[in-house]
Amino acid sequence: MKELKGSVLNTDSYDRRRFGQLMEMSEKLREVSKEGSKLFPSFQPLMGDLWAGLFKMKPELLEEVPEGLEMNHQLMERVMSDEGYQEFREFTRLDDLAAALGTTKYSETVLGWVKEQAQRDQELAEALRNLMNGEQGASQQASEALSSALNQQGNSLSKMLSQAAQEAIDAKENVKSLLGGVKAGSGDSDLKKIPLKDQLILAEKLSHDKKLKEIATWAGRMKVIANRKQRSKHKEAINRNGVRQGNAVEQLLPMELGTYASQITKMDFLRRYVEGQTLQYETKGPEQLGKGPIILCLDQSGSMSGQDTISKGFALALMSIARKQRRDFAWIPFSSHAAAPLIYEHGKITVQDMIQLATIFLGGGTSFEPPLRAASQIIKQSRFNKADIVFVTDGESHVSEHFLQTWNELKDKKGLSVLSLLLGRESIQGVEDFSDRIVRASSFEDESVTQAFEI
């Protein structure tokens with residue numbers, strides 16, 4: 001039977017065109033539509049109404065039901081009267097990604113529920129077959145059978161919709177964790193810079209890729225810590241690090257505020273303030289590391305396999321700091337050899353880069369010299385004179401004297417700084433030869449690891 005068109009909501013041409021665009025962007029929506037259309041011919045219009053119900057500012061059911069869409073009207077009426085629907089709309093309304101994810105989850109849920117009822121109810125199953133065969137009166141028959149199923153099993157649909165809503169919320173949060181910046185609350189604004197099609201590709205990848213989902217969870221946690229560390233560093237920077245002249249109100253010394261409060265000295269204060277001669281705290285704190293690119297050399301030897309997802313969450317948190325500070329970011333995975341460095345200008349990462357990052361794992365032994373050589377090549381080619389290198393390993397390795405001499409000459413020339421995170425119980429043998437600072441930790445979950453976020 002030919003698929004039906006139309007809507008049981010107050011949709012307009014823009015709504016229908018926009019949903020059509022989403023169908024073109026989302027492989028998952030097309031899959032669900034194809035599967036649902038095998039069950040009853042009005043399933044794709046139902047998906048369009050589910051989207052409009054989640055996205056539109058004020059969706060309303062039509063009083064007159066278009067011919068052939070009686071089932072859609074019943075299902076939308078049930079969905080929109082569900083207790084959790086309005087609360088879910090607070091998350092999806094006028095939000096392209098959230099509404100698209102919600103539509104996918106709601107459509108899968110409704111499809112699954114109708115299939116389940118058809119297996120239980122012979123009358124509904126027969127009505128759906130007649131509907132697909134285009135038999136006369138089948139639409140009314142299916143509507144009556146569905147109404148009976150909703151009366152008897154509507155509560156199970158409500159529970160399934162509640163779970164679907166939570167899955168959609170989690171999916172968007174995971175996308176934000178992967179693509180969002182380190183600054184608190186910046187996730188939604190960061191997503192707006194990324195094409196919706198790419199957001200949907202990542203969200204759909206997350207739905208069935210357990211490893212990527214775990215990386216997203218760790219990235220979210222790590223970015224919270226990184227944000228806290230960066231804010232703490234900023235506060236320390238404005239704490240009593242000297243006095244200078246200026247006219248920044250928030251940095252004025254208490255004595256200057258006193259001169260402003262006094263009628264005798266107020267005019268003198270205003271004159272000096274206008275001329276930038278009032279006394280204020282020096283806000284430039286001591287910088288331990290450079291201001292050039294951030295280079296992460298990340299051990300991916302066999303012994304690191306158990307920490308692969310959290311290590312990549314750590315990498316994404318560092319990358320977010322680079323994005324916020326507009327610094328180039330380079331990731332060099334290594335084991336007994338170094339993989340080709342992955343360069344992200346200003347810390348920006350695409351969806352395809354994200355998927356690539358999640359799937360890379362080298363395995364094998366451990367050698368420190370190859371990633372350091374790769375890092376030195378990046379530094380030589382960089383437009384920056386300084387670089388902060390974070391070297392993460394749980395192993396030991398020998399670095400040749402000849403290379404160390406070359407490395408130290410490069411460090412002096414380019415002003416490099418190396419922070420090494422040594423995981424586990426290995427000795428500092430090897431890393432001490434090329435590091436400025438060594439931090440020991442039992443694993444990535446150790447609090448000491450977060451010192452790297454002060455970069």
Side-chain angles (χ1 to χ4, degrees), residues 8-9 11 15 18-40 42-56 59 71-72 74-117 150 153-179 187-188 191 196-210 212-213 216-217 351:
V8 298
L9 296 185
T11 58
D15 298 325
R18 183 55 175 161
F19 181 68
Q21 292 170 343
L22 287 174
M23 288 286 288
E24 292 178 6
M25 293 181 198
S26 171
E27 183 179 353
K28 187 63 177 177
L29 280 175
R30 294 194 300 274
E31 287 178 4
V32 178
S33 174
K34 184 178 180 180
E35 185 66 25
S37 296
K38 295 176 183 178
L39 188 64
F40 58 95
S42 63
F43 188 78
Q44 184 167 322
L46 175 63
M47 291 178 65
D49 283 341
L50 287 169
W51 171 79
L54 293 173
F55 183 81
K56 282 175 69 69
M71 286 181 63
N72 290 18
Q74 287 177 305
L75 288 167
M76 286 305 302
E77 185 174 30
R78 182 63 194 225
V79 168
M80 294 173 72
S81 64
D82 192 73
E83 186 176 345
Y85 167 76
Q86 289 299 335
E87 184 178 345
F88 187 37
R89 267 181 46 78
E90 294 297 319
F91 173 75
T92 63
R93 186 174 54 217
L94 302 183
D95 186 314
D96 281 321
L97 178 60
L101 295 175
T103 302
T104 300
K105 295 297 182 182
Y106 264 21
S107 298
E108 288 179 314
T109 298
V110 171
L111 176 58
W113 183 85
V114 174
K115 281 184 174 181
E116 184 180 319
Q117 300 314 306
L150 285 169
Q153 298 293 331
N155 288 338
S156 65
L157 177 59
S158 294
K159 291 179 182 178
M160 293 167 69
L161 289 172
S162 177
Q163 182 178 346
Q166 189 57 55
E167 289 174 359
I169 292 170
D170 291 343
K172 183 181 176 183
E173 289 304 311
N174 284 332
V175 172
K176 286 168 61 177
S177 293
L178 287 172
L179 298 178
D188 284 311
L191 288 185
L196 179 59
K197 183 176 181 179
D198 288 344
Q199 296 179 44
L200 288 170
I201 289 172
L202 184 58
E204 290 165 9
K205 181 78 173 173
L206 278 161
S207 68
H208 60 265
D209 191 321
K210 182 180 177 182
L212 190 58
K213 194 178 294 184
T217 300
V351 167

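Quick note: residue numbers are just sequence positions, from 1.
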If I compare all heavy atoms of [X] with all of [Y], which pair ends up nearest, and what's the gap?
X      : Y      : value
Leu101 : Ala171 : CD1-CB, 4.0 Å
Leu54  : Thr92  : O-OG1, 2.8 Å
Leu111 : Gly36  : CD1-CA, 3.7 Å
Phe40  : Val114 : CE2-CG1, 4.4 Å
Ala98  : Lys172 : CB-CD, 4.1 Å
Arg18  : Met25  : NH1-CE, 3.8 Å

How would you list all residue pairs meeting ring pair (Phe, Tyr, Trp, His ring centres under 6.0 Å) that involve residues 85-116, not counting sequence neighbours? Phe88-Tyr106
Residues in side chain to side chain contact (heavy atoms under 4.5 Å, CB included) contact with Thr217, at least two apart in sequence or another chain: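 Asn174, Arg221.
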Output yes when [X] and [Y] qualify as a salt bridge under the 4.0 Å nitrogen-oxygen rule, no when they do not.
X      : Y      : answer
Glu24  : Arg30  : no
Lys34  : Glu31  : no
Asp170 : Lys213 : no

Beyond-backbone contact of [X] with [Y], side-chain heavy atoms, under 4.5 angstrom:
X      : Y     : answer
Asp49  : Leu75 : no
Asn72  : Phe43 : no
Leu196 : Leu22 : yes
Arg89  : Pro59 : yes

Measuring from atom [atom1] of [X] to atom [atom2] of [Y], what distance do you get when rounded to the nearest 0.5 angstrom?
X      : Y      : atom1 : atom2 : result
Met76  : Leu46  : CE    : CG    : 7.0 Å
Ser81  : Gln86  : OG    : CD    : 10.0 Å
Met160 : Asp82  : CE    : CG    : 12.0 Å
Asp209 : Leu202 : CG    : CG    : 9.5 Å
Leu200 : Glu27  : CG    : CD    : 11.5 Å
Thr109 : Leu157 : OG1   : CG    : 8.0 Å

Might you work through the side chain to side chain donor-acceptor pair (under 3.5 Å) test for Glu83 and Ser158, ending with a clear yes or no? CA-CA 8 Å; Glu83 186 176 345; Ser158 294; over 6 Å; no
Residues, nucleotides or ligands: over 12 heavy atoms within 6.0 Å of Gln21 CD: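 Yes, the 6.0 Å shell around CD holds more than 12 heavy atoms from other groups.
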Checking [X] side chain against [Y] main chain: does a donor-acceptor pair fall under 3.5 Å?
X      : Y     : answer
Ser33  : Leu29 : no
Arg93  : Lys56 : no
Asp15  : Ala52 : no
Glu204 : Ser26 : no

Using the rule given for side chain to side chain contact (heavy atoms under 4.5 Å, CB included), can you reason through Gln199 versus Val351, listing the C-alpha separation, both sets of side-chain angles and the distance that settles it, and then say yes or no? CA-CA 7 Å; Gln199 296 179 44; Val351 167; over 6 Å; no
Determine, stepwise, if the pair Ser37 / Gln44 fulfils side chain to side chain donor-acceptor pair (under 3.5 Å). CA-CA 7 Å; Ser37 296; Gln44 184 167 322; 5.0 Å; no
Mind checking what makes salt bridge (charged side-chain N to carboxylate O under 4.0 Å, His left out) contact with Lys105, not counting sequence neighbours? Glu167
